[in-house]
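None of the values given here were measured: they were computed from a predicted structure. Keep in mind that the numbers below use all heavy atoms, side chains included, and drop hydrogens, waters and symmetry copies.
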Amino acid sequence: MITVKHLTKQFINPDGSVFKVLKDVNCEIGRGEVISIIGPSGTGKSTFLRALNLLDPPTSGEILFNGENIMAKGYPLNKLRQKMGMVFQSFNLFEHLSILDNVTLAPMKLLGYTRQHAEEEAMAMLRKVGMAEKSGAMPADLSGGQKQRVAIARSLAMHPDAILFDEPTSALDPTMVGEVLSVMRQLATEGMTMLIVTHEMKFARNVSTRIFFMNEGVIYEDGTPEQIFEHPVHSATKAFVQRIHKLVFEVDSPDYDMLDVKTQMGQFCIKYNVAAKHEAACRLTDLMTATVMAQQYPFTLRLTHSEQTEVTALDFMKEHTDISPLQTADSTTVEQLRTLCKEIVEEPTTRGFRVKFIL
């Protein structure tokens with residue numbers, strides 16, 4: 001249905017410098033696919049979505065929609081937006097119109113429906129999203145979740161081939177997120193083609209046929225939910241989907257301020273609700289730096305915590321070697337280290353060798 005080739009989008013900063021939001025985006029989207037677009041903030045997810053229906057026209061590249069190049073000069077935007085609906089995070093309902101009038105306005109103006117036909121269609125769509133009872137209400141009378149369901153009904157009333165959702169739950173109270181996601185799940189089971197920018201990882205995993213992980217202005221990784229969440233290819237993808245938080249120190253000499261390191265570790269453990277692991281991390285750090293790593297400067301010390309797996313780990317990484325630092329340690333030291341953690345993992349990396357302590 002949609003083919004994107006070498007799509008770029010850039011802005012000119014006030015100082016004249018160029019800021020590239022989208023660098024070289026390429027993808028194909030088939031009819032009936034549900035694609036969730038995930039990634040860190042500021043990586044171009046919403047810009048990509050807005051570029052697809054030319055709300056934010058790309059700088060260069062090509063977008064084919066149902067075989068037609070929508071970036072060609074003179075392509076009718078009304079035709080595009082009838083067939084590619086958009087649901088925004090801020091609802092964008094007309095506050096001075098009733099719910100029913102919000103949904104009937106576009107079909108009457110753009111599709112030429114009579115009022116009776118438009119209202120019949122609108123009520124059918126409002127029933128689909130559970131909002132028929134509120135057809136006579138004004139937007140100000142609705143909750144955020146109800147407004148978003150009306151926005152979805154308004155998009156459906158145009159009978160689009162695809163709907164783009166730009167973080168549809170980000171402006172909602174957490175108690176209202178579920179009702180919107182429920183409607184979107186139903187649309188997915190009915191075969192609606194959807195592209196969804198979302199931070200709801202569980203929803204993305206359960207509903208999507210594919211996941212785009214965007215990073216640094218490109219689609220960094222594209223795969224099934226199982227692939228992206230269970231077997232990501234790139235470390236950046238893994239860190240994002242597992243919500244890995246990290247604290248990194250480049251320890252370059254025996255004079256490095258280890259007291260500050262342990263203070264920062266304590267703050268990190270409190271922040272991510274693993275304060276009980278702070279003592280073990282400090283004791284491991286003291287023992288490793290006093291014995292195993294004493295002749296290994298410089299080395300990298302890293303404390304990580306994954307929200308998804310709830311695993312906290314302390315890493316010591318030495319570059320330019322394929323030998324574990326523990327190979328030079330005496331058995332008594334290794335046994336002491338084992339008593340301070342759940343597991344010790346020794347593994348080569350692309351840059352050297354890592355000893356990881358699972359806390």
Do Ser253 side-chain atoms and Asp255 backbone N/O form a donor-acceptor pair below 3.5 Å?
yes
Pair Thr8-Val21, side chain to side chain contact (heavy atoms under 4.5 Å, CB included): steps then yes or no:
CA-CA 7 Å; Thr8 70; Val21 184; over 6 Å; no
In short, Ile38 meets Thr198 closest at the heavy-atom pair CG2-O, 3.7 Å
Starting from Val218, can I reach Ile228 by hopping between I/L/V/M/F/W/Y residues whose side chains sit under 4.5 Å apart?
yes
For Leu326 versus Val334, what's the shortest heavy-atom pair and its separation?
O-CG2, 4.4 Å
Counting only heavy atoms not in Arg351, do more than 12 sit closer than 6.0 Å to its CZ atom?
no
With no hydrogens and no angle check, just 3.5 Å: does a side-chain donor-acceptor pair link Ser46 and Asp166?
yes
Tell me whether the rings of Phe212 and Phe48 are parallel (<30°), tilted (30 to 60°) or perpendicular (>60°).
tilted
Is Thr289 reaching over with its side chain to a backbone N or O of Asp286, donor-acceptor style, under 3.5 angstrom?
yes
Heavy-atom pair with the smallest gap, counting every atom of Leu97 and Asn102
O-ND2, 3.1 Å
Would you indicate whether the side-chain heavy atoms of Asp315 and Leu301 approach each other to under 4.5 Å?
no
Counting C-beta onward and ignoring hydrogens, is there a side-chain heavy-atom pair between Phe165 and Leu187 closer than 4.5 Å?
yes
Going by side-chain hydrogen bond (donor to acceptor under 3.5 Å, both in side chains), name the pairs with one or both residues in residues 62-73, residues two or more places apart or in two chains.
Arg31-Asn66, Asn66-Asp161, Glu68-Lys79
Applying side-chain contact (heavy atoms from CB on, under 4.5 Å) to Gln295 and not counting sequence neighbours gives none
So Gln89 and Ser170, side-chain hydrogen bond (donor to acceptor under 3.5 Å, both in side chains) or not? Walk me through it.
CA-CA 6 Å; Gln89 56 182 296; Ser170 65; 2.9 Å; yes
Residues Leu100 and Met123: closest non-hydrogen pair is CD1-SD, 3.9 Å
Is Val103 reachable from Met158 through a run of hydrophobic residues whose side-chain heavy atoms are each under 4.5 Å from the next?
no
Check: Gln82/Asn78 side-chain N/O donor and acceptor closer than 3.5 Å
no
Which pair of non-hydrogen atoms, one from Val345 and one from Glu343, has the smallest distance, and what is that distance?
CG2-OE2, 3.7 Å
Check for me, please, whether Met258 and Phe357 land in the same ILVMFWY cluster - side-chain distances under 4.5 Å, paths through other members count.
yes
Under a 3.5 Å threshold, yes or no: a donor from one side chain and an acceptor from the other, between Gln10 and Thr59?
no
Around atom OH of Tyr297, are there more than 12 heavy atoms from other residues, nucleotides or ligands closer than 6.0 Å?
yes
Is the distance between the ring centroids of His245 and Phe268 under 6.0 Å?
no
CG of Asp257 to NZ of Lys262: how many Å apart, nearest 0.5 Å?
10.0 Å
Would Leu77 end up clustered with Met1 when hydrophobic side chains under 4.5 Å apart are linked, directly or stepwise?
yes
Over 12 foreign heavy atoms within 6.0 Å of CD, Glu319:
yes
Any donor-acceptor N or O pair under 3.5 Å, side chains Asp260, Thr263:
no
Would the distance check show the side chain of Arg354 and the main-chain N or O of Glu346 forming a donor-acceptor pair, the cut-off being under 3.5 Å?
no
Would the distance check show the side chain of Lys45 and the main-chain N or O of Gly39 forming a donor-acceptor pair, the cut-off being under 3.5 Å?
yes
Under 3.5 Å, side chain of Arg127 to main-chain N/O of Ala122, donor-acceptor pair present?
no
Keeping the roles fixed (side chain from Asn13, backbone from Asp15), state whether a donor-acceptor pair exists under 3.5 Å.
no
Side-chain touch Leu337/Met288, heavy atoms, less than 4.5 angstrom:
yes
Using the ring of Phe316 (Phe, Tyr or Trp, six-membered ring only), decide whether Lys318 places NZ or CZ under 6.0 Å from its centre and within 45 degrees of its axis.
no
Specify whether Phe249 and Tyr256 have parallel, tilted or perpendicular ring planes, treating 30° as the upper limit for parallel and 60° as the lower limit for perpendicular.
perpendicular
Using side-chain heavy atoms (C-beta onward) and a distance below 4.5 Å, is Pro58 in contact with Ile63?
yes
For the CD1 atom of Ile152 and the CE atom of Met131, what is their distance to the nearest 0.5 Å?
11.0 Å
Note: Arg115-Asp101 ion pair, threshold 4.0 Å (strictly below):
yes
Distance (rounded to the nearest 0.5 Å) between Ile2 CD1 and Ile70 CD1
8.0 Å
Between Thr193 and Gly32, is there a donor-acceptor pair closer than 3.5 Å when you use the side chain of the first and the backbone of the second?
yes
Quick one: are Glu121 and His159 in side-chain contact, heavy atoms under 4.5 Å?
yes
Heavy-atom count check: over 12 atoms from other residues, nucleotides or ligands less than 6.0 Å from Lys238 NZ?
no
Do Phe203 and Met201 sit in the same hydrophobic cluster, where Ile, Leu, Val, Met, Phe, Trp and Tyr count as joined when their side-chain heavy atoms come under 4.5 Å apart?
no
Is there a salt bridge (charged side-chain N to carboxylate O under 4.0 Å, His left out) between Glu250 and Arg302? Walk through the geometry before answering.
CA-CA 9 Å; Glu250 300 295 340; Arg302 186 176 70 166; over 6 Å; no
Sub-3.5 Å donor-acceptor pair from the side chain of Gln148 to the main-chain atoms of Phe88, do we have one?
yes
Could you tell me whether the side chain of Thr291 and the main chain of Leu287 form a donor-acceptor pair under 3.5 Å?
yes
Report yes if some heavy atom in the side chain of Thr169 is under 4.5 Å from a heavy atom in the side chain of Glu200; otherwise report no.
yes
Residues, nucleotides or ligands: over 12 heavy atoms within 6.0 Å of Lys9 NZ
yes
Set out, in order, the CA-CA distance, both residues' side-chain angles and the distance that settles side chain to side chain contact (heavy atoms under 4.5 Å, CB included) for Gln186 and Val183, then state yes or no.
CA-CA 5 Å; Gln186 180 61 35; Val183 170; 5.7 Å; no
Heavy-atom side-chain proximity of Lys277 to Val274 below 4.5 angstrom
yes
Keeping Thr333 on the side-chain end and Ala329 on the backbone end, is there a donor-acceptor pair under 3.5 Å?
no
Is the shortest side-chain heavy-atom distance between Pro160 and Lys83 below 4.5 Å?
no
Taking all non-hydrogen atoms of both residues into account, name the closest pair between Ser155 and Val87 and its distance.
CB-CG2, 4.1 Å
Lys/Arg N to Asp/Glu carboxylate O, Lys23 vs Glu216, below 4.0 Å
no
Before giving the answer on side chain to side chain contact (heavy atoms under 4.5 Å, CB included), spell out for Val129 and Val150 the whole-Å C-alpha distance, their side-chain angles and the decisive distance to 0.1 Å.
CA-CA 7 Å; Val129 301; Val150 171; 5.9 Å; no
Enclosure of Glu279 CD (heavy-atom neighbours >12, cutoff 6.0 Å):
no
Over 12 non-hydrogen atoms of neighbours within 6.0 angstrom of CZ in Arg283
no
Applying the salt bridge (Lys or Arg N to Asp or Glu O under 4.0 Å) test to Arg210, which of Glu28, Glu221, Glu33, Glu226 qualifies?
Glu33
